[in-house]
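These notes are about the structure you will find just below.
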There are 2 protein chains.
Amino acid sequence: MVTHPPDADLNRVFRALADTTRRDILRRTVRGEVSISRLADDYSMSFAAVQKHVSVLEAAGLVAKTSAGRERLVRALPDRLALVRSCLQQLEALWVHRLDQLDAVLSSPQE
Amino acid sequence: MVTHPPDADLNRVFRALADTTRRDILRRTVRGEVSISRLADDYSMSFAAVQKHVSVLEAAGLVAKTSAGRERLVRALPDRLALVRSCLQQLEALWVHRLDQLDAVLSSPQE
DNA sequence: AGGATGTGTAACCATGTGGTTGTGTATTAG
DNA sequence: CTAATACACAACCACATGGTTACACATCCT
């Protein structure tokens with residue numbers, strides 16, 4: 001069970017997505033760049049907490065920050081979602097394969 | 001920020017997927033029912049640890065257990081993955097929308 | 001210059017997580 | 001019946017996580 005590097009990445013991405021606030025931040029930064037304090041305005045938690053959420057998303061590669069004067073603009077990055085999609089697709093492919101096998105068993109003559 | 005019940009579900013599902021061992025268990029139980037001890041044979045951790053992983057997957061609705069004599073057979077459930085897919089799809093739809101807006105801006109005459 | 005705003009960082013706390021061991025209880029095998 | 005197997009459950013531990021507050025620093029505004 002050597003955990004491939006991509007495995008660790010996948011863990012971080014799923015982990016980052018497993019929080020309502022972070023998913024919301026992601027939705028908001030998909031539409032365009034938003035500063036951290038403007039993000040923080042809409043949540044009932046401290047600025048530092050929102051900052052932490054952003055840094056979790058950043059560590060997962062789901063978001064990037066760019067400096068603009070005294071504020072940091074957060075924008076969502078689409079690339080890492082492909083990782084998740086491929087993981088799910090792989091799982092669902094196995095399901096399809098199982099169903100195929102079931103079909104084969106049901107439609108083949110008894111042994 | 002009233003977290004809808006589905007939000008909590010989504011959190012649990014993503015959280016459950018954010019672990020290499022659990023994703024592996026999921027892959028193995030997609031193909032067909034596997035007992036917990038047979039699952040545990042292939043990981044370098046205690047039986048109880050694997051049991052916990054299974055129960056996390058179960059709480060997330062990704063897996064179900066059925067009694068068969070003294071063993072519990074674990075099988076993967078496909079339904080909850082649809083939740084994840086729709087969440088990602090929604091996010092990516094927002095991205096597409098942003099790109100559309102960008103295109104519109106770029107192709108429209110200056111103001 | 002000086003104050004307001006935006007951010008980064010550190011310390012701290014409660015709780016959750018991933019792992020362990022130990023014990024109890026069914027169920028199967030001899 | 002007894003022993004081994006498969007599981008459930010609880011207690012425990014180290015560490016991560018999500019939150020807080022406090023403080024330092026940079027940047028903008030007047």
Side-chain angles (χ1 to χ4, degrees), chain A residues 1-4 7-26 28-29 32-76, chain B residues 1-3 7-26 28-29 32-75:
Chain A
M1 283 293 299
V2 183
T3 74
H4 290 286
D7 250 6
D9 289 356
L10 206 45
N11 289 350
R12 275 190 227 103
V13 173
F14 274 122
R15 194 74 188 72
L17 291 173
D19 181 282
T20 307
T21 303
R22 283 196 291 262
R23 286 195 302 274
D24 194 62
I25 290 178
L26 210 47
R28 294 178 59 192
T29 54
E33 294 183 321
V34 186
S35 76
I36 303 183
S37 40
R38 198 157 300 177
L39 283 173
D41 288 341
D42 290 2
Y43 304 107
S44 58
M45 66 184 75
S46 69
F47 174 84
V50 175
Q51 216 174 1
K52 278 193 184 183
H53 281 303
V54 170
S55 86
V56 168
L57 288 168
E58 192 182 18
L62 286 166
V63 136
K65 287 187 288 189
T66 61
S67 291
R70 68 179 154 186
E71 50 191 4
R72 308 303 146 100
L73 301 181
V74 182
R75 73 173 190 283
Chain B
M1 281 292 298
V2 183
T3 75
D7 250 7
D9 289 357
L10 206 45
N11 289 349
R12 275 190 228 102
V13 173
F14 274 121
R15 194 74 189 70
L17 291 173
D19 182 282
T20 307
T21 303
R22 285 196 291 263
R23 285 196 303 275
D24 194 63
I25 291 177
L26 210 48
R28 292 177 61 190
T29 54
E33 294 182 321
V34 186
S35 75
I36 303 183
S37 40
R38 197 158 300 177
L39 284 173
D41 288 340
D42 291 2
Y43 304 107
S44 57
M45 67 184 76
S46 70
F47 175 83
V50 175
Q51 216 174 0
K52 278 194 184 183
H53 281 302
V54 170
S55 86
V56 169
L57 288 168
E58 192 182 17
L62 287 167
V63 136
K65 286 187 287 187
T66 62
S67 292
R70 68 180 155 185
E71 49 190 4
R72 309 302 148 98
L73 301 181
V74 182
R75 74 173 189 284

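Letters A, B, ... are given to chains in the order of the sequence lines, protein chains preceding strands, and every chain is numbered from 1.
Annotation: side chain of A:Asp42 is in contact with side chain of A:Arg28 (closest heavy-atom distance under 4.5 Å). A 4.5 Å side-chain heavy-atom check between A:Leu62 and A:Arg22 finds every atom pair outside the cut-off. When side chains are defined from C-beta on, A:Arg72 does not count as touching A:Val54, because their heavy atoms never get closer than 4.5 Å. Between B:Ile36 and B:Lys65, some side-chain heavy-atom pair lies under the 4.5 Å cut-off. Annotation: side chain of A:Ile25 is in contact with side chain of A:Val50 (closest heavy-atom distance under 4.5 Å).
The CZ-C1' distance, from A:Phe47 to D:dC25, rounds to 13 Å in whole Å. For A:Glu71 and C:dG8, the CD to P distance is 11 Å, given to the nearest whole Å. When rounded to the nearest whole Å, the span between CD1 of B:Ile36 and C1' of D:dC9 equals 13 Å. As rounded to whole Å, 12 Å separates atom C1' of C:dT5 from atom CZ of A:Arg38. Regarding B:Leu73, its CG atom lies at a distance of 11 Å from the P atom of D:dA8, rounded to whole Å. Protein atom CG of A:Asp41 is 11 Å distant from nucleotide atom C1' of C:dG6, rounded to whole Å. In this structure, B:Asn11 atom CG and D:dT17 atom C1' are separated by 13 Å, rounded to whole Å. Straight-line distance from the CZ atom of A:Arg12 to the P atom of D:dT17: 10 Å, rounded to whole Å.
Proximity note for A:Ala48 (side chain, C-beta onward) versus C:dG8, C:dT9, D:dA8: the nearest is C:dT9. Across C:dG19, C:dG8, C:dG6, the shortest atom-to-atom separation from the side chain of B:Met45 is found for C:dG19. Side-chain proximity of B:Arg22 to the nucleotides C:dG19, C:dT7, C:dG18 is greatest for C:dG18.
In terms of phosphate contacts, B:Lys52 brings no side-chain nitrogen or oxygen within less than 4.0 Å of OP1 or OP2 of D:dC9. Here A:Gln51 does not reach the OP1 or OP2 of C:dT7: none of its side-chain N or O atoms lies under 4.0 Å away. Considering only side-chain N and O atoms, B:Arg15 lies nowhere under 4.0 angstrom from the phosphate OP1 or OP2 of D:dA16. Regarding contacts with the backbone of C:dG6, every side-chain N or O of A:Arg72 stays at 4.0 angstrom or more from both OP1 and OP2. Within the 4.0 Å cut-off from OP1 or OP2 of C:dT21, not a single side-chain nitrogen or oxygen of B:Ser46 is found.
Remark on DNA chain D: of its neighbouring residues A:Val50 and A:Ala68, the 5'-side contact belongs to A:Val50, judged by nearest-heavy-atom nucleotide.
At a cut-off of 3.5 angstrom, counting only N and O atoms as typed in the model, there is a donor on one side and an acceptor on the other between the side-chain of B:Arg70 and the base of D:dT5.
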